[in-house]
Amino acid sequence: MTGRVSGKLALVTGAAQGLGRAHCLALAREGARVLATDINAAGAEETAAMINAELGDGTAFALAHDVTSPEQWEAAIDAARDKLGGLNVLVNNAGIGVPGNIETCTFADWQRCFDINVNSIFHGCQKALPLMREHAPGSIINISSIAGLIASDTMPAYNASKAAMWMLSKSIALHCAKKRMNIRCNSIHPTFVDTPILDGTARAHALDKDVLMDKLARQIPLGFVGEPNDIAQAVVYLASDESRFVTGAELKIDGGISAM
Ligand SMILES: NC(=O)c1ccc[n+]([C@@H]2O[C@H](COP(=O)([O-])OP(=O)(O)OC[C@H]3O[C@@H](n4cnc5c(N)ncnc54)[C@H](O)[C@@H]3O)[C@@H](O)[C@H]2O)c1
């Protein structure tokens, strides 16, 4: 541990598994205290317990939190105040993909995708900013996707929601800068990373996970699928004061896909 985010107070959504858990671990290992939230309360508890076992009690806390609910966002910000003593890093990580192309995607799935991937950020930032202002400097980090920058015929709802997050991040960044809040906002755009989300992709395409991983790796110039820590290290950078001049930026972590 080198203390790159020593003293930071971070709330990470979707922290029960996958990337969210990795962000929590990486932030805590670099000195932050973390509130791990997820609709899957047991998974969030497990994340917090793993961190506390490694780094000591009181480093991490867990909360059941559905990011689509404005009321639950209020409770999450209250929990950050009570358990962490404030908030200066917000990682909007919770997200889903939904099946279907433009002809087959149901409107219910389209709406669910926007509720979880986009509307959550509207609610979360609106509720978090007053507390973050009290504890500036602050950093909002939105986990978008390379799918927010590059389209596919098979994921219109995911593409559109992740593109909306990208532009929403820039608008928040400019607002905070103009108001001299000393709060930055950036988006991260990963390509395929080996998390449980890819288990769902494998099932959806009736493929073995290994076959899917090979197939995905062949699409990536670097030739391999990412690991959660590849993204979590970018979260640490954006959460830290090392990135104090970085706002409104999109950080692509895609093994070179978008360079093609
Ligand atoms: N893994 C990848 O290949 C990849 C690539 C690009 C972007 N992303 C993005 O990274 C983020 C994390 O992805 P992951 O791979 O860890 O996915 P994952 O499915 O492993 O984890 C997502 C987490 O979000 C939680 N969640 C879902 N709905 C929620 C809700 N309404 N409220 C609160 N929590 C909720 C789930 O319980 C789960 O713990 C997502 O936004 C995803 O779109 C992932």
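Order of listing sets the numbers, starting from 1, for every ligand and every atom in it.
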Checklist entry - Should one rank V67, I253, N92, N117 by closest heavy-atom distance to atom 32 (N) of ligand 1, which comes out on top? => result V67
Next on the checklist: Quick check for you: to the nearest 0.5 Å, what is the distance between L35 atom CG and T13 atom OG1?
Outcome noted: 10.5 Å
Checklist entry - Does G31 offer a backbone N or O that forms a donor-acceptor pair with the side chain of S6 under 3.5 Å? => result no
Next on the checklist: Could you check whether atom CD of Q111 has more than 12 heavy atoms from other residues, nucleotides or ligands sitting under 6.0 Å from it?
Outcome noted: yes
Next on the checklist: Out of D38, L19, N40, who is nearest to atom 37 (O) of ligand 1 when you count heavy atoms only?
Outcome noted: D38
Next on the checklist: Suppose we measure from atom 24 (O) of ligand 1 to each protein heavy atom; which comes out shortest, and what is that distance?
Outcome noted: G14 CA, 3.6 Å
Item to check | Sub-4.0 Å heavy-atom contact, H189 with ligand 1 | outcome: no
Checklist entry - Which atoms of ligand 1 sit under 4.0 Å from any heavy atom of P196? => result 20 (O)
Checklist entry - Checking D208 side chain against D210 main chain: does a donor-acceptor pair fall under 3.5 Å? => result no
Checklist outcome for this item: of all protein heavy atoms, closest to atom 29 (C) of ligand 1 is I39 CG2, 3.8 Å
Checklist entry - Salt-bridged, R21 to E46, with N to O below 4.0 Å? => result yes
Checklist entry - With no hydrogens and no angle check, is any side-chain donor or acceptor of D38 less than 3.5 Å from a backbone partner on G43? => result no
Checklist outcome for this item: One should read off an interatomic distance between T59 OG1 and N52 CG, to the nearest 0.5 angstrom, of 5.0 Å
Checklist entry - Heavy-atom contact under 4.0 Å between T13 and ligand 1? => result no
Checklist entry - Sub-3.5 Å donor-acceptor pair from the side chain of T191 to the main-chain atoms of D254, do we have one? => result no
Next on the checklist: With heavy-atom distances below 4.0 Å as the criterion, list the atoms of ligand 1 near H65.
Outcome noted: 32 (N), 33 (C)
Item to check | Subset of ligand 1 atoms that lie under 4.0 Å from at least one heavy atom of Q17 | outcome: 18 (P), 19 (O), 20 (O), 21 (O), 38 (C), 39 (O)
Item to check | atom 31 (N) of ligand 1: nearest protein contact (heavy atom, Å) | outcome: D66 OD1, 3.0 Å
Checklist entry - Side-chain donor-acceptor pair under 3.5 Å between N142 and S144, yes or no? => result no
Next on the checklist: Rounded at 0.5 Å granularity, tell me how far CZ in R112 sits from OG in S161.
Outcome noted: 11.5 Å
Item to check | Close N or O approach (T68, ligand 1; < 3.5 Å) | outcome: no
Checklist outcome for this item: protein heavy-atom neighbour closest to atom 27 (C) of ligand 1 works out as I96 CG2, 4.0 Å
Checklist entry - Is T191 in contact with ligand 1, taking contact as a heavy-atom separation below 4.0 Å? => result yes
Next on the checklist: At under 4.0 Å between heavy atoms, is it the side chain or the backbone of T195 that contacts ligand 1, or both, or neither?
Outcome noted: side chain
Item to check | atom 22 (C) of ligand 1: the protein heavy-atom neighbour that sits closest, reported with distance to 0.1 Å | outcome: G95 O, 4.0 Å
Checklist entry - Nearest to atom 3 (O) of ligand 1, what protein heavy atom do you find, and at what distance? => result V193 N, 2.8 Å
Checklist entry - Above 12 or not: heavy atoms from other molecules or residues under 6.0 Å from NZ of K170? => result yes
Item to check | Interfacing atoms of ligand 1 (cut-off 4.0 Å, heavy-atom, P190) | outcome: 5 (C), 6 (C), 7 (C)
Item to check | Y158 neighbourhood, listing ligand 1 atoms whose heavy-atom distance to it stays under 4.0 Å | outcome: 6 (C), 7 (C), 8 (N), 9 (C), 42 (C), 43 (O)
Next on the checklist: I want to confirm something. Looking only at heavy atoms, which of N93, D194, I143, N142 is nearest to atom 40 (C) of ligand 1?
Outcome noted: N93
Checklist entry - More than 12 non-hydrogen atoms from neighbouring residues, nucleotides or ligands closer than 6.0 Å to NZ on K209, yes or no? => result yes
Next on the checklist: Would F192 count as being in polar contact with ligand 1, using the rule that some N or O on each side must be under 3.5 angstrom apart?
Outcome noted: no
Next on the checklist: So is S144 touching ligand 1 or not, going by heavy atoms under 4.0 Å?
Outcome noted: yes
Checklist outcome for this item: Which of I140, I141, I172, T247 passes side-chain contact (heavy atoms from CB on, under 4.5 Å) with R184? Answer is T247
